[in-house]
Amino acid sequence: MHLLLVDGSGYIFRAFHALPQLSRKSDGLPVGCVQGFCNMLWKLMEDLKGEDEPTHMAVIFDHSAKTFRDDIYDQYKAQRPPAPEELVPQFPLVRHATRAFNIACIEQEGWEADDIIATYACQAKSAGGKVTIVSSDKDLMQLVEPDGSIRMLDTIPRPGQPPLRWIGADEVFAKFGVTPDKVIEVQALCGDSVDNVPGVPGIGVKTAADLINQYGTIENLLDHVDDIKQNARREKLRENAELARISKQLVTLAQDVPVELELSALQRQPVEPGKLFPFLKAMEFATITKRLAGLIGADPDAWEPDPALAAQPASPVGFDNAARAEARAARQQAQGRDALPVVVHAREQHEKVRAIPWNPDTYEVLEDARSLQRWIEVIYRSGIVATDTETTGLDNQTADLVGISFSVGPGTGAYLPLGHHAGDGDIFGGGGKAEGQMDLGEALDLLRPVFADRSILKIFHNSKYDLGLLRRYGVEVNSIDDTLLLSYSLDGPQFNTMAELADHWLGVPGQSIKELLGTGKSQKTFAEVDIASAARYACEDADMTFRLWRILKPRLAAENMTTLYETIERPLAPVLARMEGRGISVDRQILARLSGDFAQRAAAFEAEAHELAGRKFNLGSPKQLGEILFDEMKLEGGTRTKTGAWSTGADVLEDLAQKGVPLARAVVEWRQLTKLMGTYTDALPTYINAHTGRVHTTYSQHSVLTGRLSSNDPNLQNIPVRTEDGRKIRTAFVAAPGKTLISADYSQIELRVLAHIADIQALKDAFEEGLDIHAMTASEMFGVPVEGMPSEVRRRAKAINFGIIYGISAFGLANQLGIERSVAGDYIKTYFERFPGIKDYMDNQRRRVKQDGYVMTIFGRKINFPNANSSHAAERSFVERASINAPIQGSAADIIRRAMIRMEPELEREGIEADMLLQVHDELIFEVPEGTEEAAMPVIKRVMEGAAEPAVRLTVPIQVDAHAAKDWDGAH
DNA sequence: GCAAGGACGTA
DNA sequence: GTACGTCCTTGCA
């Protein structure tokens with residue numbers, strides 16, 4: 001008999017750390033260890049032939065309950081960190097794999113795998129058999145027999161070493177300096193920090209081996225402890241005699257486990273293709289499948305992937321995405337199928353994290369270099385740290401760093417105060433630096449390597465803010481996760497703030513910064529908060545961030561959002577941080593001149609309006625204007641807003657002006673001019689940063705339902721362009737001296753995306769041939785040749801094309817074109833007849849949103865519509881239109897996000913110096929050295945045009961137009 | 001001091 | 001008809 005015992009649990013942990021590349025299957029589930037495990041199994045079957053061929057075989061796992069060792073020593077394995085996130089879902093899968101290979105899969109409550117292995121090995125040896133233990137765990141080395149009847153085999157792949165490495169008595173001696181039967185004595189003396197076996201302090205492996213070789217056993221050693229010459233060693237042994245005895249009990253493997261399966265039941269069974277291939281296919285292990293099919297001479301195509309394990313493309317019905325995954329898991333269980341391990345894992349994580357208590361008393365304040373260094377060591381050991389910067393303001397371009405908090409796990413926290421002011425918060429008192437704070441420069445020097453280290457994962461909430469801030473302090477950050485972007489990838493802009501996330505996921509009230517800082521006149525900055533309160537607030541933030549990460553990260557795999565997050569959202573944040581940091585140059589003089597001009601002209605219109613109205617009134621008040629027009633002047637055709645006030649929108653006034661009401665014209669003109677002043681010529685200069693002399697917008701990556709960015713403080717995505725006066729504002733956006741601006745914009749990106757998604761051949765052909773798409777549409781619809789087409793005809797077709805993208809309705813189109821609703825309805829009907837695919841697309845989205853509660857972009861971004869089945873008809877119609885628009889707008893947004901992520905490395909690769917400054921939905925603005933425009937533009941175009949590839953192969957050409965000039969108006 | 005509503009700038 | 005952010009007035013605290 002030859003018994004092969006595989007240490008399954010040991011394999012998983014060691015393989016995880018030995019195999020850096022983590023393969024994932026298509027739903028994002030990490031399966032690297034499962035893959036390694038399967039590879040090992042079939043290689044063992046292949047390599048152990050002839051005299052080494054096992055007749056009996058089993059894979060042994062730890063059971064996750066307590067063992068007898070916990071009763072002996074309550075600290076046993078207490079230092080073990082929780083299993084890595086990526087590893088947890090793989091535990092059940094490795095057991096699945098074992099059964100798929102038709103091998104006995106053994107675990108037993110109350111016993112470690114090692115004890116079960118020892119028991120079977122002992123039984124087999126007594127029966128005169130040979131035993132091979134597949135493991136590299138030194139704890140098992142005590143079982144090795146010098147006569148070769150029990151050997152170990154190390155199969156963990158290691159570079160530069162043979163795939164199978166036998167461990168016999170010689171190898172054990174090399175490791176412990178004693179024969180295998182003395183291994184437990186040595187282990188008991190020197191202890192094991194990993195398992196938290198205490199041992200005798202001050203005694204390492206070498207000393208232990210010397211002592212055991214001299215005295216044979218621990219008991220004999222302790223009996224003769226007086227003979228030991230070295231004073232310190234003798235005393236240590238005396239003092240810790242009991243610890244040594246306990247340690248020996250801990251390291252000694254039980255050989256009498258009441259195993260449930262007899263040895264004979266472990267007899268090897270032939271591989272059954274019906275068990276094997278459904279598993280391998282569900283894991284998407286194509287290579288292993290092929291190899292094994294060849295080895296056992298079976299056709300894998302005869303089997304389908306195991307549905308309980310296979311990746312699933314979409315989530316089920318519902319509103320909340322997590323609830324959807326839950327519902328799917330429940331249904332699968334009701335059908336007698338196991339829930340997907342990733343789903344189970346995500347749910348368990350959530351429950352586990354919610355159960356962890358809060359204890360702010362354990363948070364630490366790092367007052368000096370020593371305590372910071374100690375925490376840095378903690379961070380290195382953990383490999384993962386949630387971190388948060390506290391500053392004096394919401395704008396990371398101007399705010400000062402006040403402190404940094406860290407958490408290495410739920411319930412842990414440390415705060416490093418750096419810029420707190422002395423005094424009681426009174427701006428006249430103190431003003432100096434508060435006591436108990438490290439020097440900022442010294443602290444950052446210590447932290448720089450931590451932030452830069454790629455092997456340490458830094459978890460932020462809104463990483464863009466911290467990245468931009470830290471960059472100003474010369475701190476580079478690598479390897480990040482971002483709970484805000486995790487939440488956005490999973491649930492959209494539903495939850496934005498830490499407080500909302502904490503409330504929803506952790507069931508605790510999120511902290512309010514307002515309580516700490518106050519509001520209004522008496523508001524202080526974070527620098528004025530006392531360090532103790534600041535520490536509590538900051539640590540709680542980092543702690544919450546860590547907890548949220550533990551809950552949200554596993555949901556990525558469970559809900560198929562890993563790719564979106566890892567290839568789009570996470571990499572984009574640092575790109576945006578850099579764009580915000582660069583800012584753009586704005587010419588004060590130009591704006592000042594414009595402002596003066598606009599003010600004069602506005603004043604004239606205001607005087608004229610007062611004259612025409614017969615009295616003075618506030619032109620800025622729609623209420624007063626409405627009363628004058630419709631109550632006092634009794635003009636016809638006034639409509640009311642939903643709150644009952646008179647409508648005085650531009651379209652209404654334009655209408656009145658057409659009908660000969662000069663007051664309406666004057667107000668329209670006044671509004672335009674004052675709008676330009678208030679929002680642009682007067683407001684923009686206040687945003688010029690005193691240090692950089694440039695305007696730095698803040699992008700929001702997580703606010704828009706469809707996946708677009710938004711821009712605020714100031715909004716640089718709504719700088720005027722449509723009117724002549726408006727365009728003048730763009731001339732104030734200028735290149736720095738010696739530089740040139742380049743504007744590159746996607747041409748008709750949304751219509752092209754529509755043509756692709758809805759698969760409209762006529763549209764695709766038109767784009768392929770580079771036709772005027774609106775003229776082509778008009779020609780198709782109205783039968784008018786493109787040559788010599790009246791501009792009004794083209795204008796209508798253009799409005800219809802836009803209408804389609806917006807989820808057209810006869811009402812809206814009629815409004816837009818100023819035509820009868822019935823005529824608009826006829827246009828739409830004609831359009832659908834000409835392009836029947838569009839109708840199908842729209843019906844599909846409507847159906848999907850009602851059924852699933854969401855629609856998707858071509859890159860897998862989900863857009864949620866909780867009200868899809870609202871009882872309110874208007875709301876339902878709104879959702880229908882939005883669900884038609886969202887995949888179009890969102891796919892275009894995904895494309896430009898991908899372009900932005902790739903742009904900087906591509907430019908660098910091509911040796912082109914170009915700074916990406918702004919994004920305006922379908923346009924990117926760059927600043928390049930004068931004279932390099934011609935070199936930069938083709939590269940920029942190429943990256944933008946190819947941005948969908950290779951993830952999505954678009955069936956329409958994408959076209960980007962680029963222009964260079966000294967100012968934005970000229971470049972556009 | 002703040003929230004809501006109306007109006008209007010962009011894609 | 002889609003998606004945003006900002007300014008101003010109004011009304012209430």
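Since the model is a prediction, treat every value here as computed from it, not as a measurement.
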Name the nucleic acid region contacted by [X], choosing base, sugar-phosphate or nothing; use a 4.0 angstrom heavy-atom cut-off, strictly under.
| X | result |
| --- | --- |
| A/Thr648 | sugar-phosphate |
| A/Ile805 | nothing |
| A/Gln672 | sugar-phosphate |
| A/Ser877 | nothing |
| A/Ser621 | sugar-phosphate |
| A/Phe802 | nothing |
| A/Ala799 | base |
| A/Leu709 | nothing |
| A/Arg708 | base |
| A/Thr674 | nothing |
| A/Gly649 | sugar-phosphate |

Looking at A/Tyr831 versus A/Tyr827, is the centre-to-centre ring distance below 6.0 Å?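 A/Tyr831 vs A/Tyr827: aromatic centres not under 6.0 Å.
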So if I take every side-chain heavy atom of [X] and compare against [options], which nucleotide ends up nearest?
| X | options | value |
| --- | --- | --- |
| A/Thr519 | B/dC2, C/dG1, B/dA11 | B/dC2 |
| A/Asn815 | C/dG1, C/dG5, C/dA3 | C/dG1 |
| A/Gln816 | C/dG1, C/dT9, C/dA3 | C/dG1 |
| A/Ile808 | C/dG1, B/dT10, C/dG5 | C/dG1 |
| A/Arg671 | C/dG1, C/dT6, B/dA7 | B/dA7 |
| A/Thr643 | B/dT10, C/dG5, B/dG5 | B/dG5 |
| A/Thr679 | C/dT9, B/dT10, C/dT6 | C/dT6 |
| A/Gln889 | B/dG9, C/dA3, B/dA11 | C/dA3 |
| A/Pro720 | B/dA11, C/dT10, B/dG9 | B/dG9 |
| A/Val704 | C/dA3, B/dA11, C/dG1 | C/dA3 |

Nearest whole Å is fine: how far is [N] [atom2] from [X] [atom1]?
| X | N | atom1 | atom2 | answer |
| --- | --- | --- | --- | --- |
| A/Tyr687 | C/dT6 | OH | P | 6 Å |
| A/Tyr806 | C/dC4 | OH | C1' | 11 Å |
| A/Gln919 | B/dA11 | CD | C1' | 10 Å |
| A/Asp713 | B/dG9 | CG | C1' | 16 Å |
| A/Ile828 | C/dG1 | CD1 | P | 11 Å |
| A/Leu918 | B/dT10 | CG | P | 16 Å |
| A/His921 | C/dT2 | NE2 | P | 16 Å |
| A/Leu625 | B/dA7 | CG | P | 9 Å |

Looking only at N and O atoms, is any donor in the side chain of A/Asn718 or the base of B/dG9 less than 3.5 Å from an acceptor on the other one?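 Indeed, a donor on one side and an acceptor on the other fall under 3.5 Å apart.
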Return yes if the base of B/dA11 and the side-chain atoms of A/Arg722 contain a donor-acceptor N/O pair under 3.5 Å, otherwise no.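 It does, because a donor-acceptor pair links the side chain of A/Arg722 to the base of B/dA11 below 3.5 Å.
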Greater than 12 external heavy atoms within 6.0 Å of A/Glu500's CD: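 Yes, the 6.0 Å shell around CD holds more than 12 heavy atoms from other groups.
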Using a cut-off of 6.0 Å, state whether more than 12 heavy atoms not belonging to A/Gln523 lie near its atom CD.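 Enclosed.
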So, does A/Gln717 get its side chain near the phosphate of C/dA3, meaning an N or O under 4.0 Å from OP1 or OP2?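 No, because none of the side-chain N or O atoms of A/Gln717 sits under 4.0 Å from OP1 or OP2 of C/dA3.
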Short side-chain N/O contact from A/Lys623 to OP1 or OP2 of C/dC8, under 4.0 Å: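 No, no such contact exists.
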Taking atom types as modelled and ignoring hydrogens, do the side chains of [X] and [Y] form a donor-acceptor contact shorter than 3.5 angstrom?
| X | Y | result |
| --- | --- | --- |
| A/Arg671 | A/Thr648 | yes |
| A/Thr777 | A/Glu780 | no |
| A/Gln717 | A/Gln919 | yes |

What I want to find out is whether A/Arg708 reaches A/Glu750 closely enough, with some N-O distance under 4.0 Å, to be called a salt bridge.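 Yes, this pair counts.
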